[in-house]
Amino acid sequence: MTAVTRRRARPGRKVADNLHAWAFLAAGVACFALFSWYPLVRGIVLAFQQVNFVTDAIWVGWDNFRALFADPLFFTAWGNTLEFTGLALLFGYAVPFVVAVVVNEFRHLKGFFRIAVYMPVMLPPIVSVLLWQYFYDPGNGLFNSILTGLGLPGSDWTQSPKLAMISLVLVSTWANMGGATIMYLAGLATIPSELYEAAELDGASVRQRIRHVVLPQMRFILLVLLLLQIVATMQVFIEPYQLTGTTNPDTITVMVLVYRYAFTVNNDFGLAASMSVLLFVVLGAFSAAYLRLTRDKD
């Protein structure tokens, strides 16, 4: 094959390579569109309809959103969700970081502790919740049995107005902290050892090393996990649904209220979709503002 023939063949070969690449990409794009984009668009459409999937849908416009704001449980659910998110940040965001720092200091059995911390994540979420449901059982639950053995009165953990939300947060923290801890450990492993050595030579204490070495080096991971933590906890559902039900006003969250609208009280998927759209808008606006404020200007 002459040089001229090869030059003429190159454009055709390039087109063929591109077609092959697009063919492989098409399947992934189709799956993403079918299972991500379509449900999103469909949910937005449902938010403006009265739908029970039995009779024909009725276009109601903004009536669903007006009904939401007229429902007393709407503001209760948002308040409980924000309370859960705040408590989850206090425990579920700080505790994994502290655990990661402690485990990273171990010279022996570091692999064992990594596995031990991550094991709850490998359990299905409903299994973790059912396990803690036994712990919280007001009759013969583990926690009340321990209190009784110590001569102390038991507690109605998940039904107590003062303890219900904290009880849910403890379940969520235990079940999900392993993933965050592993990410923190991975970030700690990337910190150059020279920084630790320099801090030790300067006589820095453990607290000073964490403040002046660990936190600056872990800034990006901390910011990303903070955003992910807030987005995830704002969508909490399994813990309040399984442990306290859908009627407890002390623990009803936004996603539990969505479930009530769709499957128990109203049987109106349009009303449930409108609540989901509001949550989507709030989380989207918050994420955009958060990324804008924390963007690295360097």
Side-chain angles (χ1 to χ4, degrees), residues 73 76-103 113-138 141-144 146 155-185 221-260 275-276 279-280 282-283 286-287 290:
L73 286 177
T76 301
W78 278 102
N80 290 338
T81 301
L82 293 175
E83 181 183 358
F84 180 91
T85 300
L87 291 173
L89 289 178
L90 183 62
F91 294 99
Y93 181 69
V95 171
F97 180 74
V98 174
V99 171
V101 172
V102 172
V103 172
F113 286 108
R114 287 177 178 176
I115 296 175
V117 170
Y118 191 74
M119 281 187 67
V121 181
M122 295 186 285
L123 294 175
I126 188 62
V127 174
S128 300
V129 174
L130 290 175
L131 178 63
W132 280 79
Q133 190 172 29
Y134 159 69
F135 293 163
Y136 287 141
D137 188 280
L142 177 63
F143 293 159
N144 278 351
I146 294 175
S155 176
D156 194 3
W157 301 94
T158 58
Q159 300 302 321
S160 170
K162 295 181 179 180
L163 297 177
M165 191 62 71
I166 296 178
S167 300
L168 299 184
V169 171
L170 291 178
V171 178
S172 178
T173 300
W174 179 84
N176 300 300
M177 67 176 290
T181 303
I182 293 300
M183 293 182 190
Y184 287 138
L185 285 171
I221 296 178
L222 288 169
L223 291 176
V224 170
L225 286 182
L226 177 61
L227 176 61
L228 295 178
Q229 174 88 1
I230 293 175
V231 172
T233 53
M234 287 288 288
Q235 302 176 71
V236 61
F237 173 75
I238 295 179
E239 289 84 355
Y241 173 77
Q242 183 63 36
L243 294 176
T244 61
T246 62
T247 58
N248 190 335
D250 296 317
T251 58
I252 188 171
T253 60
V254 171
M255 293 306 299
V256 173
L257 191 58
V258 169
Y259 180 87
R260 280 172 55 92
M275 188 70 167
S276 300
L279 180 61
F280 171 77
V282 169
L283 291 180
F286 168 77
S287 300
Y290 180 85

Quiz item: Can you check side-chain contact (heavy atoms from CB on, under 4.5 Å) on Ile182 and Val117, steps first, answer last?
Solution: CA-CA 8 Å; Ile182 293 300; Val117 170; 5.9 Å; no
Exercise. Applying side chain to side chain donor-acceptor pair (under 3.5 Å), name anything that partners Thr81, two or more places apart in sequence or on another chain.
Key: none
Quiz prompt | Parallel, tilted or perpendicular: rings of Phe237 and Tyr241 (30°, 60°) | solution = parallel
Quiz prompt | Residues in side chain to side chain donor-acceptor pair (under 3.5 Å) contact with Trp157, at least two apart in sequence or another chain | solution = Asn144
Quiz item: Does the side chain of Asn248 reach to within under 4.5 Å of the side chain of Gln159, using non-hydrogen atoms?
Solution: yes
Quiz prompt | Non-hydrogen side-chain atoms of Ile146 and Leu142 separated by less than 4.5 Å | solution = yes
Quiz item: With sequence neighbours left out, what residues match Leu226 under side-chain contact (heavy atoms from CB on, under 4.5 Å)?
Solution: Leu89, Tyr93, Ile230, Tyr290
Quiz item: Is there side-chain contact between Asp250 and Thr244, with heavy atoms separated by less than 4.5 Å?
Solution: no
Practice problem: Without swapping roles, check the side chain of Asp156 against the backbone of Pro138 for a donor-acceptor pair under 3.5 Å. | Solution: no
Practice problem: Would you please name every residue forming a ring pair (Phe, Tyr, Trp, His ring centres under 6.0 Å) with Phe84, sequence neighbours left out? | Solution: none
Self-check item: Partner residues of Pro249 under the side-chain contact (heavy atoms from CB on, under 4.5 Å) criterion, sequence neighbours left out
Solution: none
Practice problem: Return each pair, listed once, that meets side-chain hydrogen bond (donor to acceptor under 3.5 Å, both in side chains) where at least one residue sits in residues 170-181; pairs must be two or more places apart or across chains. | Solution: Ser172-Asn176
Exercise. Quick one: list whatever passes side-chain contact (heavy atoms from CB on, under 4.5 Å) with Leu283, sequence neighbours left out.
Key: Val231, Met234, Gln235, Leu279
Quiz prompt | Whether over 12 other heavy atoms sit under 6.0 Å from Phe143 CZ | solution = yes
Quiz item: With side chains defined as the heavy atoms from C-beta onward, is the minimum distance between Leu185 and Phe113 less than 4.5 Å?
Solution: no
Quiz item: Is there side-chain contact between Leu73 and Arg260, with heavy atoms separated by less than 4.5 Å?
Solution: yes
Practice problem: Might you work through the side-chain contact (heavy atoms from CB on, under 4.5 Å) test for Leu225 and Phe97, ending with a clear yes or no? | Solution: CA-CA 10 Å; Leu225 286 182; Phe97 180 74; over 6 Å; no
Quiz prompt | With Gln242 via side-chain contact (heavy atoms from CB on, under 4.5 Å) - residues at least two apart | solution = Ile126, Val129, Leu130, Gln133
Exercise. Specify the closest pair of heavy atoms between Leu243 and Thr158, including all atoms of both residues, with the distance to one decimal.
Key: O-OG1, 3.6 Å
Quiz item: Looking only at heavy atoms, which two atoms of Met177 and Val99 are closest? And how far apart?
Solution: CE-CG2, 3.7 Å
Quiz item: If only atom types and distance count, is the side chain of Thr253 paired as donor or acceptor with the main-chain N or O of Val236 below 3.5 Å?
Solution: yes
Quiz item: Counting only heavy atoms not in Met119, do more than 12 fall under 6.0 Å of its CE?
Solution: no
